[in-house]
Enquirer: 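I'd like to ask some things about the structure below.
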Amino acid sequence: MSVRTRADLEQLPPYVAGRTVPGSIKLASNEVSEGPLPSAVTAINQAATEVHRYPDMGVSALTEALAAHYDVAPEQIAVGCGSVALCEQLVQATCTAEDEVIFPWRSFEAYPIITQVVGARQVKVPLTGEHALDLEAMLAAITPATRLMFVCTPNNPTGTLLREAELNAFLDRVPGDVLVVLDEAYFEFVDAPEAPDGVEITRVRDNVVSMRTFSKAYGLAGLRAGYAIAPVKVAEALRKVTIPFSVNALAQTAAIASLQAQDELRRRCADVIAERGRVHRELVAMGYEVPETQANFVWLPLGERTTAFNEHCLENRVVVRAFVGEGARVTIGQTHENDAFLAAAKSFGG
């Protein structure tokens with residue numbers, strides 16, 4: 001007899017990571033080009049001699065550091081192998097095959113994958129014509145079977161941001177038994193004064209989770225460490241479904257060191273924000289439609305021109321993240337990397 005696997009997995013699309021092409025500038029993954037914060041590198045080097053030991057399964061030191069950083073109780077924190085692992089754990093902790101998960105689309109590519117893998121039903125809510133989350137449509141999609149909603153702000157891949165007032169008005173109308181996950185992977189790059197702060201929202205709402213990561217601004221994408229700040233009951237459930245030892249020792253050490261390097265982080269983010277503004281302005285001047293972005297990338301909704309644009313960039317040794325038939329997401333790199341991309345975009349034509 002042949003081994004049987006789940007038939008529905010045959011239709012499951014794979015997660016597509018940003019391409020790496022030797023000799024080219026990679027702007028296809030939302031990484032920071034500068035690498036880890038310098039103080040984190042020192043901590044990683046020192047910790048490397050201890051990797052023959054199992055990591056702290058309870059992630060206790062990092063949990064305490066996060067609790068102190070955000071002034072929350074340690075019991076409200078769950079740490080995972082990147083925020084994507086926490087996304088999966090949130091679905092596992094809240095849903096069965098009879099339940100539904102609502103998320104905007106297009107948004108983070110992993111949402112539909114992890115929902116189907118866990119066995120829950122996925123409900124995709126299209127973005128607005130301005131490439132933003134359609135909160136009214138998301139509210140209308142709620143049914144008695146809804147258990148979880150992912151709200152990505154700034155949204156990946158469009159970069160659009162929800163404002164505090166509209167987010168709170170939305171949360172006021174979400175039933176109390178539906179868990180709303182604010183995916184704030186790009187929070188550190190936000191400079192809009194009216195932006196919401198998910199951690200602050202968790203202080204006053206008991207059905208909201210703020211989820212953040214060390215993969216983006218902190219430059220630890222290769223080590224995989226993310227965290228959720230949640231109601232105590234939810235955080236406890238997340239810890240129950242985590243894979244033992246999934247947050248490795250180097251990731252824990254580097255994350256703690258990174259939290260202690262806020263001045264370094266602020267300087268880095270200021271540089272990214274400045275370059276983001278420059279790239280956005282120049283693309284608009286070329287004639288491209290580029291939505292406002294508060295992340296570390298820009299979104300070009302090129303539609304059917306996306307494949308041609310992607311190939312043109314590759315010919316110019318720049319790798320972007322193409323979503324065929326929809327658009328291209330381009331990460332903000334260092335100045336010379338952004339210049340190379342802008343030159344490619346200019347020769348393609350807006």
Enquirer: What's the separation between atom CG in L37 and atom CG in D263, rounded to the nearest 0.5 Å?
Expert: 11.0 Å
Enquirer: List the atom of A195, the atom of V190, and the distance in Å for their closest heavy-atom pair.
Expert: CB-CG1, 3.4 Å
Enquirer: Say whether, by atom type as modelled, one donor and one acceptor occur between the side chain of D134 and the main chain of L127 under 3.5 angstrom.
Expert: no
Enquirer: Run K26 and E31 through salt bridge (charged side-chain N to carboxylate O under 4.0 Å, His left out) and show every step you take.
Expert: CA-CA 9 Å; K26 183 184 179 185; E31 307 154 335; 3.4 Å; yes
Enquirer: Using ring centroids (six-membered ring only for Trp), state whether F108 and F103 fall under 6.0 Å.
Expert: no
Enquirer: Can you confirm if the aromatic rings of F150 and W105 lie within a centre distance of less than 6.0 Å?
Expert: no
Enquirer: Looking only at side-chain N and O atoms, does N156 offer a donor or acceptor that is under 3.5 Å from a partner on R329?
Expert: yes
Enquirer: Does V180 share a hydrophobic cluster with I102, counting links as ILVMFWY side-chain heavy atoms below 4.5 Å and allowing steps through other members?
Expert: yes
Enquirer: Please check this pair: side chain of N316 against backbone of V318, looking for a donor-acceptor N/O pair closer than 3.5 Å.
Expert: no
Enquirer: Looking at A228 and V209, what are the two nearest heavy atoms and their distance?
Expert: CB-CG1, 3.9 Å
Enquirer: Judged by atom type as modelled, is there a donor-acceptor pair below 3.5 Å linking the side chain of Q122 to the main-chain atoms of Q116?
Expert: no
Enquirer: Within the 4.5 Å heavy-atom criterion, are T213 and F187 side-chain neighbours or not?
Expert: no
Enquirer: When rounded to the nearest 0.5 angstrom, what distance separates CD in Q92 from OG1 in T115?
Expert: 11.0 Å
Enquirer: Taking all heavy atoms of E166 and all of L135, pick out the closest pair and write down the distance.
Expert: O-CD1, 3.7 Å
Enquirer: Rounded to the nearest 0.5 Å, how far does SG of C269 lie from CD of Q262?
Expert: 9.0 Å
Enquirer: Heavy-atom count around E194 CD within 6.0 Å, excluding the residue itself: above 12?
Expert: yes
Enquirer: For a quick check under 3.5 Å, do T160 and N155 share a side-chain donor-acceptor pair by atom type?
Expert: no
Enquirer: Give a yes or no on whether a salt bridge exists between E275 and R281, defined as a side-chain N under 4.0 angstrom from a carboxylate O.
Expert: no
Enquirer: So, the side chain of R163 versus the backbone of L161: is there a donor-acceptor pair under 3.5 Å, distance only?
Expert: yes
Enquirer: Test salt bridge (charged side-chain N to carboxylate O under 4.0 Å, His left out) on R321 and E109; report intermediate values, then the result.
Expert: CA-CA 12 Å; R321 178 70 173 89; E109 198 171 353; 2.7 Å; yes
Enquirer: Got a second to check how far R266's CZ is from I273's CD1, nearest 0.5 Å?
Expert: 12.0 Å
Enquirer: Tell me if a side-chain donor or acceptor on E326 pairs with a main-chain N or O of F323 at a distance below 3.5 Å.
Expert: no
Enquirer: Checking the side chain of T146 only, and the main-chain atoms of T143 only, is there a donor and an acceptor separated by less than 3.5 Å?
Expert: yes
Enquirer: Below 4.5 Å, heavy atoms only, C-beta onward: do L182 and I201 meet side chain to side chain?
Expert: yes
Enquirer: For the CG atom on N168, are there more than 12 heavy atoms of other groups (residues, nucleotides or ligands in this structure) within a distance under 6.0 Å?
Expert: yes
Enquirer: Is T158 reaching over with its side chain to a backbone N or O of H131, donor-acceptor style, under 3.5 angstrom?
Expert: yes
Enquirer: Can you measure from CG (L300) to CZ (R305) and round to the nearest 0.5 angstrom?
Expert: 9.5 Å
Enquirer: Would you say that Q76 contacts P231 through its side chain, given a criterion of any heavy-atom pair below 4.5 Å between the two side chains?
Expert: no
Enquirer: Is the closest side-chain heavy-atom distance between M211 and C87 below 4.5 Å?
Expert: yes
Enquirer: Strictly by modelled atom types, are S347 and H312 linked by a side-chain donor-acceptor pair under 3.5 Å?
Expert: yes
Enquirer: Below 4.0 angstrom, N of the basic side chain to O of the carboxylate: do D339 and K346 qualify?
Expert: no
Enquirer: Under the 3.5 angstrom rule, does the side chain of D99 hit a backbone N or O of R147 as a donor-acceptor pair?
Expert: no
Enquirer: Closest approach of A97 and R121, non-hydrogen atoms and distance?
Expert: O-NH1, 3.5 Å
Enquirer: What are the two closest non-hydrogen atoms of P301 and E289, and how far apart are they?
Expert: CD-O, 3.0 Å
Enquirer: I'd like to know if R278 pairs up with E282 as an ion pair, taking the criterion as any Lys NZ or Arg NE/NH1/NH2 lying under 4.0 Å from an Asp or Glu carboxylate oxygen.
Expert: yes
Enquirer: Show the numbers, then the answer: is there a side-chain contact (heavy atoms from CB on, under 4.5 Å) between V290 and W299?
Expert: CA-CA 6 Å; V290 189; W299 171 249; 5.8 Å; no
Enquirer: Which distance, rounded to the nearest 0.5 Å, do you find between the CG of L62 and the OG1 of T253?
Expert: 9.0 Å
Enquirer: Between R276 and E292, does at least one N-O distance fall below 4.0 Å, as a salt bridge requires?
Expert: no
Enquirer: Got I77 and Y70 here, is their nearest side-chain heavy-atom distance under 4.5 Å?
Expert: no
Enquirer: Could you tell me if the side chain of T242 sits less than 4.5 Å from the side chain of Q89, heavy atoms only?
Expert: yes
Enquirer: Heavy-atom distance under 4.5 Å between the side chains of T63 and V79, does that happen here?
Expert: yes
Enquirer: Using a strict cut-off of less than 4.0 Å between a Lys/Arg side-chain nitrogen and an Asp/Glu carboxylate oxygen, indicate whether R203 and E200 qualify as a salt bridge.
Expert: yes
Enquirer: Side-chain donor-acceptor pair under 3.5 Å between S33 and E337, yes or no?
Expert: yes
Enquirer: Give the intermediate values and the outcome of side-chain contact (heavy atoms from CB on, under 4.5 Å) for residues Q260 and S39.
Expert: CA-CA 9 Å; Q260 297 169 347; S39 53; over 6 Å; no
Enquirer: So if you build clusters from Ile, Leu, Val, Met, Phe, Trp, Tyr with side-chain heavy-atom gaps below 4.5 Å, do V208 and L139 land together?
Expert: yes
Enquirer: Going only through I, L, V, M, F, W and Y residues with side-chain contacts under 4.5 Å, is there a path from L148 to I229?
Expert: no
Enquirer: Salt bridge or not for D271 and R268, using N-O below 4.0 Å?
Expert: no
Enquirer: Take V330 and F297, measure what side-chain contact (heavy atoms from CB on, under 4.5 Å) needs, and give me the verdict at the end.
Expert: CA-CA 5 Å; V330 187; F297 52 83; 5.9 Å; no
Enquirer: L220 and V41: same hydrophobic cluster, using ILVMFWY side-chain contacts below 4.5 Å?
Expert: no
Enquirer: Would D177 and N207 satisfy side-chain contact (heavy atoms from CB on, under 4.5 Å), going step by step from the backbone distance to the final call?
Expert: CA-CA 7 Å; D177 61 349; N207 68 328; over 6 Å; no
Enquirer: Restricting to non-hydrogen atoms, name the atom on Y218 and the atom on F214 that form the minimum distance, rounded to 0.1 Å.
Expert: CB-O, 3.4 Å
Enquirer: Under the 3.5 angstrom rule, does the side chain of E100 hit a backbone N or O of A120 as a donor-acceptor pair?
Expert: no
Enquirer: Backbone N or O of S29 within a donor-acceptor pair of the T331 side chain at under 3.5 Å?
Expert: yes
Enquirer: Is it true that R212 and E188 have a side-chain N and a carboxylate O under 4.0 angstrom from each other?
Expert: no
Enquirer: Is there a side-chain contact between Y111 and D183 in this structure, where contact means two heavy atoms from C-beta onward sitting under 4.5 Å apart?
Expert: yes
Enquirer: According to a 4.5 Å side-chain heavy-atom criterion applied to Ile, Leu, Val, Met, Phe, Trp and Tyr, with indirect links allowed, do V151 and F189 form part of one hydrophobic cluster?
Expert: no
